[in-house]
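Below is one structure, written out as structure tokens, with a few remarks after it.
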Number of protein chains: 4
Amino acid sequence: MFEIALLGAGRIGQVHARNVAAHPELRLKYVVDPNSNTAEHVAAQTGARVADLAIALGDAAVVGVIVASPTNQHLEQCLAAAAAGKAILCEKPLDLDLHRAMSARSALTGTGIRLLLGFNRRFDPHFATLKERLDGGTVGTLETLHIISHDPAPPPAQYVRSSGGLFKDMAIHDFDMARWLLGEEPSEVHAAARCLIDPSIGEAGDVDTAKTLLTTASGRLCVISNSRRSGYGYDQRIEAFGSRGLARADNVLESTVSVWSSGGMASDVLQNFFLDRYASAYRRELAHFAKVIANEASPAVGYADGIAALVLAEAAAESVRVGAPIRPRN
Amino acid sequence: MFEIALLGAGRIGQVHARNVAAHPELRLKYVVDPNSNTAEHVAAQTGARVADLAIALGDAAVVGVIVASPTNQHLEQCLAAAAAGKAILCEKPLDLDLHRAMSARSALTGTGIRLLLGFNRRFDPHFATLKERLDGGTVGTLETLHIISHDPAPPPAQYVRSSGGLFKDMAIHDFDMARWLLGEEPSEVHAAARCLIDPSIGEAGDVDTAKTLLTTASGRLCVISNSRRSGYGYDQRIEAFGSRGLARADNVLESTVSVWSSGGMASDVLQNFFLDRYASAYRRELAHFAKVIANEASPAVGYADGIAALVLAEAAAESVRVGAPIRPRN
Amino acid sequence: MFEIALLGAGRIGQVHARNVAAHPELRLKYVVDPNSNTAEHVAAQTGARVADLAIALGDAAVVGVIVASPTNQHLEQCLAAAAAGKAILCEKPLDLDLHRAMSARSALTGTGIRLLLGFNRRFDPHFATLKERLDGGTVGTLETLHIISHDPAPPPAQYVRSSGGLFKDMAIHDFDMARWLLGEEPSEVHAAARCLIDPSIGEAGDVDTAKTLLTTASGRLCVISNSRRSGYGYDQRIEAFGSRGLARADNVLESTVSVWSSGGMASDVLQNFFLDRYASAYRRELAHFAKVIANEASPAVGYADGIAALVLAEAAAESVRVGAPIRPRN
Amino acid sequence: MFEIALLGAGRIGQVHARNVAAHPELRLKYVVDPNSNTAEHVAAQTGARVADLAIALGDAAVVGVIVASPTNQHLEQCLAAAAAGKAILCEKPLDLDLHRAMSARSALTGTGIRLLLGFNRRFDPHFATLKERLDGGTVGTLETLHIISHDPAPPPAQYVRSSGGLFKDMAIHDFDMARWLLGEEPSEVHAAARCLIDPSIGEAGDVDTAKTLLTTASGRLCVISNSRRSGYGYDQRIEAFGSRGLARADNVLESTVSVWSSGGMASDVLQNFFLDRYASAYRRELAHFAKVIANEASPAVGYADGIAALVLAEAAAESVRVGAPIRPRN
């Protein structure tokens with residue numbers, strides 16, 4: 001049994017807490033959260049106890065730390081956990097500020113540092129199967145990629161204001177998927193974006209609709225489509241066009257039930273809430289973390305991936321500002 | 001160019017007339033119909049002329065006759081056309097009365113008789129592709145078969161009264177499909193049927209809902225599901241279960257357009273009218289008839305198939321009457 | 001926290017053990033199994049301890065018992081657990097012998113007895129959604145039902161010999177689904193069955209392929225298709241035809257990934273292993289059991305359902321023997 | 001009956017010839033083609049006669065002219081037919097040279113000129129249904145559009161050399177679809193394109209893979225994906241994202257037959273040849289032309305649409321050259 005400390009017991013922290021409890025080789029020992037009610041609640045459900053950061057990191061029995069606190073604490077907590085020699089699973093992003101995030105490079109990438117960055121979609125069974133098909137050569141050589149990533153409904157403008165903007169807050173996942181599937185760094189980013197959905201998002205200085213075009217050095221092309229509101233659910237699809245065909249991952253529906261009536265065939269609704277849609281991704285991410293702790297695997301996605309995705313997000317935002325393609329600098 | 005006479009210019013006769021007009025090797029010469037308005041109309045559209053049966057059959061230039069008259073005239077007209085040495089495309093059924101139909105055996109099956117019976121579904125591209133897959137061994141040895149054949153909406157009770165009943169009027173197509181796909185004669189028929197949709201159909205002495213179970217000598221099993229009203233369109237599906245998998249033909253939709261909304265994904269409606277659904281089947285059936293006329297093909301489906309389907313229809317009706325399986329006698 | 005004893009720590013017992021461990025309100029206290037290795041292993045994984053039946057049932061803190069032992073012990077253990085006042089989740093079937101099972105009626109249905117019978121498919125989210133659609137009137141009044149239930153591959157003949165036969169071992173689930181969805185008892189059963197797949201199954205006195213036709217008093221018709229080997233995976237589909245349309249539950253695939261190549265579009269494989277296909281059904285079944293224990297729900301499926309399904313299974317087998325429809329006697 | 005002259009009896013001319021023959025209100029009178037064999041063949045099949053352009057245009061009974069000659073003759077023949085007062089159906093493009101095409105504006109757009117430009121996809125039942133859904137407000141206000149237009153296999157490099165390039169030869173259809181569905185002119189065009197498929201296409205000075213991003217003045221965004229070789233067939237899909245959902249048109253398969261095997265579910269192949277895929281589009285286009293001739297409809301797509309699509313194609317090509325977005329000038 002590996003003992004784990006959870007930093008941050010909010011919505012996503014609770015997902016990790018439950019998954020730790022259900023994992024045969026992990027045990028949640030500490031819950032650290034300034035909100036003591038939340039901390040107590042999560043601790044009670046999982047047999048853990050509430051502690052402060054110093055105690056959690058100071059306990060040599062704790063071998064893994066999950067950083068699920070607000071974004072602005074990620075970096076600091078990662079640094080502390082790394083200094084204490086713990087394996088780390090940190091929710092993305094490392095930080096909203098690229099320069100701050102880059103300043104931690106040596107501390108978070110040195111020998112013996114094990115930092116798994118929470119780009120959970122890499123662990124989604126559908127996207128992971130897609131990746132396997134591509135790696136297995138099922139569709140020949142990958143040439144172009146389409147990523148559709150539309151949220152069911154827009155967040156409140158207040159959230160938008162502190163979110164880092166559509167590209168850092170939402171498209172960041174898609175930049176990671178693009179890099180992972182393309183197997184190559186984009187060398188050019190061109191984005192067109194507008195505020196078409198909610199004027200208050202525009203007033204908050206952000207866009208809500210974007211199409212981003214990535215080009216790699218070898219000439220691979222990738223289109224990312226983002227919308228803060230689909231109107232029909234959580235649209236998470238990828239199409240990978242190769243020299244011998246197309247591999248694609250489709251949306252997940254609530255059930256396989258369909259109804260045929262005089263109006264045609266109607267499926268069940270899309271799995272809309274991201275914690276439902278990606279429930280198995282979070283479980284599989286944690287299972288991978290258990291292997292990282294056990295030194296049976298290196299982190300499949302880490303610090304460098306976090307930086308690279310941020311760089312692309314900044315390039316996309318700049319492309320929108322200047323109305324021209326941008327060469328990202330990593 | 002082969003010259004054709006059309007007997008019966010009603011709805012289905014008009015389908016054949018248009019298909020003859022569009023066929024590069026066929027020309028419609030005569031339209032024969034007691035309703036002179038209808039006959040004139042069809043003749044005008046296709047460059048044919050109105051004639052009576054004697055003239056049409058007496059013209060040596062006419063090499064093919066299409067029998068699309070009311071059912072009770074089929075047999076008589078087939079006999080006349082056969083006697084005149086014409087190739088015949090006769091709409092199903094040969095006759096509603098099995099014994100009458102059987103009495104014509106020698107006249108309609110002798111040397112030189114070319115009678116193509118209009119079991120149009122054999123020419124449907126979807127079902128024909130299914131048959132090719134089965135013949136090609138794609139799913140191994142066929143073991144069991146499911147045929148779903150539900151009409152969009154029930155006919156008027158008045159029609160039902162003279163229709164010969166659900167098994168002869170509607171399931172007759174499915175009995176033919178079953179024989180064709182099973183590649184073997186059913187040796188036992190068990191049917192359960194009810195009047196669940198329209199009481200006036202029951203008052204007319206018929207049923208509107210039936211499940212029929214066929215068993216062949218070698219042990220193949222086939223289920224036919226019939227309903228006079230699906231509520232969702234013209235449901236025409238077949239599933240063929242083999243030793244290595246399943247081959248199936250699905251419904252045809254009006255278009256590939258779908259709409260995703262908060263309620264899920266909704267397809268376009270089913271192609272509902274049988275003349276739309278089977279439009280290409282009728283075209284391909286006629287193309288086959290052209291080959292029969294040219295002596296490039298023997299009729300793919302003929303007199304014996306018509307009799308065999310009628311025998312199964314009578315066995316199914318008897319099974320419902322007696323509440324037990326029936327061994328059909330052909 | 002409700003404390004639970006598990007009787008039987010084999011494959012299905014282990015599924016329940018893991019689900020108990022993951023449930024926030026349940027705790028596994030005892031594992032009872034004559035195979036001490038298995039018992040120790042399951043106990044270690046879940047924090048339970050190994051005990052014999054007397055201790056487990058004698059502990060007043062244990063409020064629920066899960067019977068997951070071999071079929072021939074189900075009845076005896078249910079009786080003991082009921083006598084001890086425990087809530088019971090018993091794997092189906094109650095017993096392979098209908099008369100033995102019926103003899104326990106008074107002991108297992110009296111006041112205060114809470115017996116949840118493990119017809120897990122009722123808890124499958126797909127079938128449960130289908131049931132909701134039917135109950136909600138989405139397709140009007142239910143008229144007919146098609147249940148397809150084909151296993152991926154046949155069991156060894158040795159298993160078949162002690163299985164009770166295809167109808168009691170495999171179709172029993174489908175009889176339960178039929179009763180549940182029809183909302184009415186079948187009043188007639190007609191089955192046609194053959195040994196088409198594996199001669200050794202025939203030598204063991206069983207069939208491997210069956211089509212069963214159920215008719216209810218009100219005239220609803222239901223077809224159940226069973227095969228011990230589909231060749232393409234675990235085919236578990238239901239179509240419910242109503243007066244205003246069709247509701248259906250389709251198969252579950254391993255992922256939403258598809259590959260388009262020169263041969264067409266190919267989906268991922270079916271979820272084949274029943275413990276995968278029905279993993280969420282087992283979780284939801286256990287969640288329901290927790291509510292039964294908490295007296296927040298009555299068992300959704302119980303003793304009478306077990307008997308009724310056995311009665312249908314025996315009627316189907318008899319119908320095959322005599323080659324005629326059978327009226328089941330409950 | 002309206003009498004028609006066909007200019008150009010090649011592959012696409014023959015499609016029109018057959019459709020004229022099958023149309024109840026049109027009759028093909030003349031076939032004009034410098035290749036007399038081809039002309040005779042088409043005339044024989046349709047009851048038309050071979051003539052030269054002067055005779056065809058000089059015959060007052062001819063009310064409609066179909067221009068299906070090589071591209072470099074389109075403009076000249078349109079001008080002649082317009083001068084002769086005929087209604088015109090002209091295959092796209094008007095001309096590969098935008099300036100030449102624009103110079104004909106006054107001659108081809110004056111009062112009484114009826115020029116239907118052959119952007120056949122507007123008449124495709126799938127895309128027409130999609131347009132109806134959008135116009136009907138089914139998905140609210142259109143916001144963004146994805147058009148996928150991938151050919152099955154690349155053309156010979158020799159064809160590429162005289163084709164005008166990917167944007168004028170292939171994407172021209174997609175530019176027309178974009179304008180039609182967006183209901184607004186694109187005000188900015190950014191394209192990224194590469195030669196990834198066939199180096200000889202690159203040597204011919206063209207690209208074979210492109211992603212084009214269109215932005216309209218109101219902020220609508222459109223992505224067009226083009227590939228000269230899909231590897232899986234003729235991929236022609238459109239997704240239209242609106243404020244209340246998504247409407248999409250999918251690919252057309254050869255049949256509804258699918259095969260389920262141990263590898264999963266495999267559909268039939270895509271309808272690959274464009275004359276098959278768009279067979280009904282050509283028929284419906286011609287039916288519209290019959291209405292234009294009868295003065296029952298104005299041409300649904302005409303000279304201005306041809307110019308606008310060419311302008312976008314040139315802008316896309318220029319965007320690739322300069323590596324920046326281009327504002328098209330119409």
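Worth knowing before you read on, the calculation uses all heavy atoms, side chains too, and leaves out hydrogens, waters and symmetry mates. Lettering of chains follows the sequences in order, A, B, ..., and the numbering in each one begins at 1.
- Contact of B:S218 with chain C is made through the backbone alone, with heavy-atom distances under 4.5 Å.
- The distance from the CG atom of C:L213 to the OG1 atom of B:T212 is 8.5 Å, given to the nearest 0.5 Å.
- Each of C:H146, C:E239, C:K211 was evaluated against B:H146; a single residue qualifies, C:K211, per the side chain to side chain donor-acceptor pair (under 3.5 Å) test.
- In terms of heavy-atom pairs under 4.5 Å with chain C, the best-connected choice from B:R220, B:R194, B:R244, B:H190 is B:H190.
- Note on C:C195, C:S243, C:G233: by heavy-atom pairs under 4.5 Å with chain B, the leading option is C:S243.
- Closest non-hydrogen pair, B:P325 versus C:A324, comes out as CD-CA, 4.2 Å.
- Only the backbone of C:S230 comes within less than 4.5 Å of a heavy atom in chain B; its side chain stays farther off.
- With values rounded to the nearest 0.5 angstrom, B:T209 atom OG1 is found 5.5 Å from C:E143 atom CD.
- Distance check: C:N226 CG to B:L221 CG gives 11.0 Å after rounding to the nearest 0.5 Å.
- Atom CD1 of residue B:I148 and atom CZ of residue C:F241 lie 4.0 Å apart, to the nearest 0.5 angstrom.
- Looking at B:L246, the atoms closer than 4.5 Å to chain C (heavy atoms on both sides) sit in the backbone and in the side chain alike.
- Among the candidates C:G245, C:A193, C:G323, the residue making the largest number of heavy-atom pairs closer than 4.5 Å to chain B is C:G245.
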